[in-house]
Amino acid sequence: MVEKRTPIPVHEAVEKIMFFASSGETELIPLEECYGRFLAEDLKADHDVPPFDRSPYDGFAIRSEDTKLANQSNAVEFEVIEEIGAGSVAKQEVGAFQAIRIMTGAQMPIQCDAVVMLELTKEYERDGRKYMSLKRQLQSGDNISFQGEDTQKGNVLVEKGTRINPGVSALLATFGYDKVLVGRKPTVGIYATGTELLDVHEGLVPGKIRNSNSYMIRSQVERAGAEPIYFGKLADDFDTCYEAIKEAIEKVDILITTGGVSVGDYDYLPDIYKKLGAEVLFNKIGMRPGSVTTVAQFEGKLLFGLSGNPSACYVGFELFVRPIIRTLLNNPNPHLKKITARLDVDFPKPNPFTRFVRSSISFKDGMVSVTPSGLDKSNVVTSLSGANALMVLPGGTRGYEQGMQVDVLLLEDEEGCQWPWN
Ligand SMILES: Nc1nc2c(c(=O)[nH]1)N[C@H]1C(S)=C(S)[C@@H](COP(=O)(O)OP(=O)(O)OC[C@H]3O[C@@H](n4cnc5c(N)ncnc54)[C@H](O)[C@@H]3O)O[C@H]1N2
Ligand code: MOO
Ligand SMILES: [Mg+2]
């Protein structure tokens, strides 16, 4: 008799897994290598930015009070007593009707409270001294980039768990982080099971196919922020698989296998979990594809038995493995971000299970539309390359029509989402 499995709702499966989610270890890495990593502490401003009042223009720093009488018919003359570029500080004190020629980014001389752009002045020399004149009034504070106007000391600028983007790199450099505390990348072991699997370099022979899941999963692991460790492929042989999996568990934070989780004669994962003494959290979910996704925990370590069918495997990873990885990286929004979009096609046939259709979103007439990125079948691989989203069509008695608003989970977004999605 084939074992009867009872499907649990997707949200229940996510909850069961998230019970084992924890934050991971941290490490210090050079700033140059931090792009794409996850901050493991808040990034706090330890000084004002800019740290001093500075000139935003190439021009002259003056005392605004000296321009009181300036107008189109009355040029006011200033003696230019010094010149400073960015990085230099004025040595001279600026008195009445004196100016310092100042370049963009240079610190304001203490006595000056305004800058006039070079283009608005006339420069000349007399008796070996330099002068400039201008014909307009300036107010105190005109054309100054003030200390702290960008941010002030003490502000938390980026929160722990945020993925480091180029802007975060800029801030880390601004505040002197030559080493950055980030989440250590969790290690995710990958084993593909299946006697039918060929290595990528091998030519096709009857009955066999190339192992594509391992490379797909590797990329998904990297996209999620973790370190893939590819252990290879295993033939459908109980003892071989058992020994290999048992050994692999020791070496990684998370172990993924693909294939062998259904009810077929050579689907050995259920028995392997049993022999290991691992607790199976679930082995059937009310979703399509990926209904056979099986997750077990062994001494607190999660073993993900993803389906062998490529689309099912892909979806299983994004819904269940990704949030575990992101939580290990301290990310507060570990789940895929959900938005709503306008459905571009009909799905007339109802399905009892919630569908996660590999889809692509696009912008049309100022709205987000969503359309399947290929054939909507569990064993399909070609729909994955164009997928930037998963359309969520809840199971039930009705189909879906073009024009309806549907939920969509974004695959390439970095903001993420908390659970539950709603
Ligand atoms: N009697 C039943 N049969 C099946 C059921 C069921 O409920 N009752 N569920 C079906 C569903 S749904 C799925 S999904 C699959 C899941 O099968 P497994 O996870 O056990 O995976 P395999 O049987 O090992 O392989 C399935 C399919 O995927 C191909 N595959 C496997 N590994 C790879 C890989 N690394 N790269 C590319 N393709 C791979 C494999 O050749 C098979 O075609 O079970 C259904 N059956
Ligand atoms: O588990 Mo299967 O992926 O539902 O298609
Ligand atoms: Mg099978």
Side-chain angles (χ1 to χ4, degrees), residues 1-10 13 188-202 204-221 228 230-238 240-241 244-245 255-273 280 282-296 303-321 349 351-358 372 374-385 387 390 392-395:
M1 258 297 272
V2 172
E3 166 208 7
K4 175 114 178 63
R5 298 184 182 180
T6 316
I8 62 169
V10 178
V188 182
I190 305 165
Y191 256 130
T193 72
T195 301
E196 74 278 29
L197 300 179
L198 295 168
D199 277 328
V200 175
H201 64 269
E202 291 184 281
L204 285 186
V205 291
K208 307 247 178 188
I209 58 165
R210 291 200 186 92
N211 166 18
S212 58
N213 286 349
S214 293
Y215 298 90
M216 175 181 80
I217 295 281
R218 274 183 90 113
S219 304
Q220 288 177 288
V221 166
Y230 176 46
F231 289 122
K233 62 182 175 62
L234 297 167
D236 292 316
D237 172 75
F238 182 87
T240 314
C241 290
I245 288 169
L255 184 67
I256 294 178
T257 55
T258 77
V261 281
S262 186
V263 293
D265 293 347
Y266 309 104
D267 290 335
Y268 290 125
L269 264 297
D271 288 335
I272 289 171
Y273 294 139
V280 173
F282 51 81
N283 60 13
K284 192 85 179 170
I285 312 166
M287 63 186 261
R288 199 97 306 146
S291 65
V292 298
T293 307
T294 301
V295 181
L303 314 178
F304 289 90
L306 302 183
S307 167
N309 274 328
S311 285
C313 182
Y314 185 98
V315 171
F317 178 94
E318 295 299 333
L319 294 187
F320 307 118
V321 188
K349 220 176 116 195
N351 195 302
F353 284 173
T354 297
R355 277 172 290 180
F356 292 86
V357 184
R358 283 74 59 218
L375 190 60
D376 181 30
K377 283 176 95 175
S378 170
N379 53 14
V380 155
V381 69
T382 54
S383 64
L384 298 169
S385 61
L390 298 174
V392 187
L393 300 178

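Values below: every heavy atom of this structure, side chains too, minus hydrogens, waters and symmetry copies. Whatever order the structure lists them in is the order used to number ligands and atoms, beginning at 1.
Here the heavy atom of the protein found nearest to atom 23 (O) of ligand 1 is Asp267 OD1, 3.5 Å. At the top of the distance list for atom 37 (C) of ligand 1, counting protein heavy atoms only, stands Ser212 OG, 3.3 Å. The nearest heavy-atom contact from the protein to atom 9 (N) of ligand 1 is Ser262 OG, 3.5 Å. Of the protein's non-hydrogen atoms, the one nearest atom 27 (C) of ligand 1 is Asn309 OD1, 3.0 Å. Of all protein heavy atoms, the one closest to atom 7 (O) of ligand 1 is Lys284 NZ, 3.5 Å. With hydrogens left out, the protein atom closest to atom 40 (C) of ligand 1 is Glu196 OE2, 2.9 Å, a heavy atom. Shortest contact from atom 24 (O) of ligand 1 to any protein heavy atom: Gly260 N, 3.0 Å. The protein heavy-atom contact nearest to atom 2 (C) of ligand 1 is Val263 CG2, 3.6 Å.
By the 6.0 Å contact criterion, OH on Tyr230 is enclosed, its count of non-hydrogen atoms from other residues, nucleotides or ligands being greater than 12.
Residue contact check for ligand 1: Ser378 places a non-hydrogen atom closer than 4.0 Å to it. For Asn309, the heavy-atom gap to ligand 2 stays at 4.0 angstrom or more. Heavy atoms of Met216 stay at 4.0 angstrom or farther from ligand 1.
For the pair Asp237 (side chain) and Thr240 (backbone), a donor-acceptor distance under 3.5 Å is present. Formation of a donor-acceptor pair under 3.5 Å by the Arg5 side chain with backbone atoms of Ser262 is found in this model.
Close approach to Val292 involves these atoms of ligand 1, each under 4.0 Å from a residue heavy atom: 9 (N), 14 (S), 16 (C), 19 (O). Against a heavy-atom cut-off of under 4.0 Å, Thr258 is close to the following atoms of ligand 1: 35 (N). Close approach to Ser291 involves these atoms of ligand 2, each under 4.0 Å from a residue heavy atom: 1 (O), 2 (Mo), 3 (O), 4 (O).
Backbone and side-chain nitrogen or oxygen atoms of Ala312 are examined, and none is located within less than 3.5 angstrom of a nitrogen or oxygen of ligand 2. Polar contact check, Asn213 against ligand 1: a nitrogen or oxygen pair lies under 3.5 Å apart. Considering both main-chain and side-chain atoms, Pro289 never comes within under 3.5 Å of ligand 2 through any nitrogen or oxygen pair. Looking at ligand 1, you won't find any N or O of Ile209 less than 3.5 Å from one of its N or O atoms. Taking any N or O of Gly308, backbone or side chain, at least one lies under 3.5 Å from an N or O belonging to ligand 1. When only interatomic distances are considered, the shortest N/O to N/O separation between Ser307 and ligand 2 does not fall below 3.5 Å.
In this structure, the separation between CZ on Arg358 and CD on Glu318 is 12.0 Å, given to the nearest 0.5 Å.
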